[in-house]
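One structure is given here, and the rest of the page talks about it.
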Amino acid sequence: MAFGFGKIFLVGEHAVVHGEPALAAALSVGVAAEIVDGPPGVECAAWDLNVDCGDGSPVGEALGALTRTLGVTPRRVRLDAELPAGAGLGSSAAMAVAAGRALAAADGATPSAEELADAATASERVFHGNPSGVDHTVAIHGGLLRYVRGTPPTFAPVDVGRAFRVVVAQVAPGANTGKMVAGVAAQRERLGEVGRGLHQLIGAVVSDAERAIRVGDLAGLGELMTVDHHLLGAIGVSTPALDRACHAARAAGALGAKLTGAGGGGCMIALVGAETDTAVEDAVLGALAPHSLRAFAATVG
Ligand code: PMV
């Protein structure tokens with residue numbers, strides 16, 4: 001089946017908006033797509049979704065934009081989604097990439113990465129207005145990317161010395177990314193040198209984390225992820241539930257834990273050795289009960 005990878009920010013979110021680099025990673029879980037009989041549209045049991053193109057639904061509109069931009073025959077797409085939707089894990093980009101690949105294959109075509117990126121951008125505009133491009137770039141290429149915003153943004157692959165496992169847990173519905181970004185910008189302005197210093201420190205964490213990933217120093221990476229979480233707390237984007245989940249993960253043996261993405265809710269990630277996967281998942285869900293939404297393990301690299 002055609003596939004699009006899910007995405008996490010490993011380190012560097014928020015400071016990336018202000019010029020620092022960030023590391024974005026593909027998860028081994030994502031969204032798979034196949035073509036089925038029926039009117040052009042999208043169905044996905046995991047997301048409780050069954051829409052047609054042109055029915056006014058955002059997903060129907062996104063599929064229409066994707067189909068037109070790719071120049072392929074409109075068809076019905078069935079998704080097998082391992083990612084929760086709307087949690088900051090790049091689910092809509094993974095959907096666009098998987099659906100684009102499936103639709104093109106049904107016409108006997110193989111789109112280039114650039115064609116797929118253009119089509120995914122058209123689809124992502126329906127959900128995110130002006131998408132940064134990081135989600136669909138990761139969904140297409142997989143792996144781990146050093147990402148710098150700019151016009152255009154740059155994405156450089158990072159060699160992963162030793163593949164690693166993360167537990168991803170959704171602690172609350174995703175917050176509004178635009179509002180979180182605006183809050184961070186206002187704090188940075190208010191705090192002046194201290195505000196800029198916090199963002200520079202996050203940039204330094206990213207550089208060190210990249211080095212740790214290249215040489216396979218997972219203990220070092222875990223420690224840097226935890227430091228990044230505290231810096232994200234200092235810039236005001238963590239929540240008591242995210243803090244509790246990260247603390248529980250570390251207490252259960254995770255090498256490091258942090259919120260991922262915009263914060264204010266959404267997801268946390270914990271770096272684990274394979275043998276601690278389930279212990280960390282259980283600890284995080286226990287710490288969040290009765291409000292835990294979902295936890296799953298995935299591989300990076
Ligand atoms: O939650 P996500 O995947 O949309 O991540 C947001 C990342 C930010 O750095 C907070 C914003 C951005 O556009 O880079």
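The residues of the chain are indexed from 1 along the displayed sequence. Whatever order the structure lists them in is the order used to number ligands and atoms, beginning at 1.
Taking a cutoff of 4.0 Å between a charged side-chain nitrogen and a carboxylate oxygen, D217 and R162 do not qualify as a salt bridge. Taking 4.0 Å as the cut-off between side-chain N and carboxylate O, K258 and E13 count as a salt-bridged pair. One finds a salt bridge joining R76 and D52 here, because a Lys/Arg side-chain nitrogen approaches an Asp/Glu carboxylate oxygen to under 4.0 Å.
Distances below 4.0 Å separate heavy atoms of E13 from the following atoms of ligand 1: 9 (O). Applying the 4.0 Å criterion to heavy atoms of T177 picks out, from ligand 1, the atoms 4 (O), 6 (C). Less than 4.0 angstrom separates some heavy atom of V16 from each of these atoms of ligand 1: 9 (O), 14 (O).
A262 N, 3.1 Å is the protein heavy atom nearest to atom 1 (O) of ligand 1. Nearest to atom 13 (O) of ligand 1 among the protein's heavy atoms is R149 NH1, 2.8 Å. Protein heavy atom in closest approach to atom 9 (O) of ligand 1: H14 N, 2.9 Å. Atom 7 (C) of ligand 1 has as its closest protein heavy atom F9 CE1, 3.5 Å.
A donor-acceptor distance shorter than 3.5 angstrom exists from the side chain of T226 to the backbone of A257, with no hydrogens or angles considered. When atom types are taken as modelled, the side chain of D159 and the backbone of G161 share no donor-acceptor pair closer than 3.5 angstrom.
Contact annotation: for K7 versus ligand 1, heavy atoms closer than 4.0 Å belong to the side chain alone.
Side-chain contact, D118 with T69: no donor N or O sits under 3.5 Å from an acceptor N or O. Using modelled atom types, one finds a donor on one side chain and an acceptor on the other under 3.5 Å when comparing H229 with D243.
Taking distance alone, with nitrogen or oxygen atoms compared against 3.5 Å, S132 stays at or beyond that limit from ligand 1.
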